[in-house]
Structures are given as C-alpha cells and as structure tokens.
Amino acid sequence: MAKINQTIPDFKAEAFHNGEFKTITADDVKGKWAIFLFYPADFTFVCPTELEDMAKHYDELQSLGVEVFSVSTDTHFVHKAWHDTSDAIGKIRYPMLGDPTGKIARGFDVMIEEEGVALRGTFLADPDGVIKVAEIHDLGIGRSAKDMLRKVKAAQYVRDNDGEVCPAAWEAGQDTLKPSLDLVGKI
C-alpha cells in the first residue's frame, strides 16, 4: 500500500499527452512535485468533472512546479479517444496514464480487483518521489482540485520551512505553527 513518507511505486506506462503517446516511468516523475489522480474509467460520469476541475487549476499547479498524472485502467488509446470526443476532457493538458494491467493502481493500493478499476485516489509526491498526501474516495464522491492545490502549497511550505507545520484549513500567507513545549495545551 502506498503510504505517507514512502516512495512512489516503480512503474512504466504509456500516456496520452498533448496529442502524442509517451512512455512515462517513476524515474521521470522524480525531481518535481507530482499529483497522481486515479479514477475508475474513461467515458463515465463523475470522472470527467474531476479531471476538468484539475485542468482548471493546471496552470497554477505548473507555476508551483507540480505535474499532474491522471491514471485509469483504460489504455492510452482510450484516453485519446475520450480526449477527442469530450469537451471536458479536451481541456486536459496533463499526461493521462494508461494502466490496463492495474499494476500502477495496485502499487498505490487503489485497485478494486473484482471490478478491474481504480478507486478515486489522489497522491502528492515530493521531488524525491516520497508521498506526502494520500486521499482515497468512494466511487460516488468527486474530489476538489482547489483543495488539492491548498494541500500542495502546505506540503511545499513544510518542506521549505523546517520545524514549521500548517494548521487545519491553512492557506498560503497565513500563520503556521512551530511545535514546542510552549504550545502544549495552549492551542
């Protein structure tokens, strides 16, 4: 199971990205922040709303040094067909990884074996490939890219400011905390 502070699992996948097919590996991901956005299947209902929502925030994520990788157990060919036929998916500029064997979904422990699809799993990995955020939703519950963007900023802040932590609902620019004996029982 993919866990907080563990390295992302090794993988190699074909992706549809910017009108081309590309091979992407776990090694390609390292060196930058990365969001892995698992979803059950192309040509479905909640999935395109989530992927379009992430596409709306893609430029800001890119400005923070973050790449997004959507992943389903469909092939890269199906991703292309969906991209070509759906207005919502046509807005996507991030790589769409094909995982037809389910190896990547199993590596992140989001595979629903009896259905052959992934749960709605969202993972944020730091530039070392270490998972800093892991969130898994039931299939009927859509995610918010805006909240993921907030978590990215918090994870980056904590990485860059040793000894500081971000309290609940923290937004960039707000006060953080420096855990110490003086704070015990004062919050």
Side-chain angles (χ1 to χ4, degrees), residues 1-4 6-58 61-62 66-145 148:
M1 177 175 180
K3 296 180 183 164
I4 299 299
Q6 288 189 354
T7 304
I8 61 170
D10 190 42
F11 71 87
K12 179 179 180 181
E14 294 304 311
F16 177 69
H17 184 218
N18 291 330
E20 298 178 9
F21 295 135
K22 298 179 181 178
T23 302
I24 296 176
T25 69
D27 287 338
D28 295 329
V29 172
K30 293 179 184 171
K32 60 187 150 227
W33 288 86
I35 293 173
F36 291 89
L37 187 69
F38 288 88
Y39 63 97
D42 293 3
F43 295 99
T44 56
F45 315 103
V46 176
C47 301
T49 67
E50 292 181 311
L51 299 181
E52 180 181 28
D53 186 43
M54 188 63 73
K56 288 177 189 173
H57 296 277
Y58 187 62
L61 287 163
Q62 289 274 279
V66 180
E67 184 56 86
V68 176
F69 300 92
S70 64
V71 188
S72 80
T73 54
D74 296 293
T75 67
H76 55 295
F77 298 112
V78 177
H79 293 332
K80 181 194 182 314
W82 196 25
H83 192 275
D84 291 349
T85 59
S86 166
D87 290 340
I89 301 307
K91 297 173 185 171
I92 293 174
R93 293 181 289 123
Y94 50 81
M96 301 177 73
L97 277 61
D99 185 25
T101 67
K103 181 180 179 185
I104 305 170
R106 283 184 193 91
F108 280 89
D109 201 27
V110 293
M111 184 70 165
I112 305 171
E113 293 295 341
E114 58 276 5
E115 296 181 33
V117 299
L119 288 164
R120 294 188 194 291
T122 312
F123 299 88
L124 173 65
D126 71 10
D128 298 318
V130 176
I131 297 169
K132 295 299 176 182
V133 173
E135 185 174 77
I136 300 173
H137 290 230
D138 187 36
L139 297 184
I141 303 168
R143 295 163 282 188
S144 167
M148 189 64 204

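These numbers come from the heavy atoms of this one structure, side chains and all, not from hydrogens, waters or symmetry mates. We number each residue from 1, following the sequence as shown.
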N/O donor-acceptor pair under 3.5 Å between [X] side chain and [Y] backbone:
{"X": "Arg120", "Y": "Tyr39", "answer": "no"}
{"X": "His17", "Y": "Arg93", "answer": "yes"}
{"X": "Asp126", "Y": "Gly129", "answer": "yes"}
{"X": "Asp74", "Y": "Val78", "answer": "no"}
{"X": "Asp109", "Y": "Arg106", "answer": "no"}
{"X": "Ser86", "Y": "Trp82", "answer": "no"}

Quick one: [atom1] on [X] to [atom2] on [Y], what's the gap to the nearest 0.5 Å?
{"X": "Thr85", "Y": "Asp87", "atom1": "OG1", "atom2": "CG", "result": "9.0 Å"}
{"X": "Ile24", "Y": "Met96", "atom1": "CD1", "atom2": "CE", "result": "11.5 Å"}
{"X": "His83", "Y": "Asn18", "atom1": "NE2", "atom2": "CG", "result": "7.5 Å"}
{"X": "Asp138", "Y": "Leu119", "atom1": "CG", "atom2": "CG", "result": "7.5 Å"}
{"X": "Asp84", "Y": "His79", "atom1": "CG", "atom2": "NE2", "result": "13.0 Å"}

Can you tell if the side chain of [X] reaches within under 4.5 Å of the side chain of [Y], non-hydrogen atoms only?
{"X": "Phe11", "Y": "Leu97", "answer": "yes"}
{"X": "Met54", "Y": "Ile92", "answer": "no"}
{"X": "Met111", "Y": "Asp99", "answer": "no"}
{"X": "Leu124", "Y": "Ile131", "answer": "no"}
{"X": "Lys32", "Y": "Val66", "answer": "no"}
{"X": "Pro95", "Y": "Ser70", "answer": "no"}
{"X": "Glu52", "Y": "Ile89", "answer": "no"}
{"X": "Glu67", "Y": "Gln62", "answer": "yes"}

Phe43, CZ: over 12 other non-hydrogen atoms inside 6.0 angstrom: yes
Enclosure of Lys12 NZ (heavy-atom neighbours >12, cutoff 6.0 Å): no
Derivation of the side chain to side chain contact (heavy atoms under 4.5 Å, CB included) call for Leu61 and Val68: CA-CA 8 Å; Leu61 287 163; Val68 176; 3.8 Å; yes
Chi angles and distances behind the side chain to side chain contact (heavy atoms under 4.5 Å, CB included) call for Leu139, Val46: CA-CA 8 Å; Leu139 297 184; Val46 176; over 6 Å; no
Side-chain H-bond candidate by donor/acceptor type, Thr75 with Glu14, under 3.5 Å: no
Qualifying residue for ring-ring contact (aromatic ring centres under 6.0 Å, His included) with Phe36, from Phe69, Phe123, Tyr94: Phe69
Sequence-distant partners of His76, ring-ring contact (aromatic ring centres under 6.0 Å, His included), two or more places apart: Phe21
Heavy-atom closest pair, residues [X] and [Y]:
{"X": "Lys91", "Y": "Ala55", "result": "O-CB, 3.8 Å"}
{"X": "Pro48", "Y": "Ala88", "result": "O-CB, 4.1 Å"}
{"X": "Asp42", "Y": "Ser72", "result": "OD1-OG, 3.5 Å"}
{"X": "Asp53", "Y": "Ala145", "result": "OD2-N, 2.8 Å"}
{"X": "Ala125", "Y": "Ile8", "result": "CB-CG2, 3.8 Å"}
{"X": "Met148", "Y": "Thr122", "result": "SD-CG2, 3.6 Å"}

Ring center gap for Phe38 and Phe108 short of 6.0 angstrom: yes
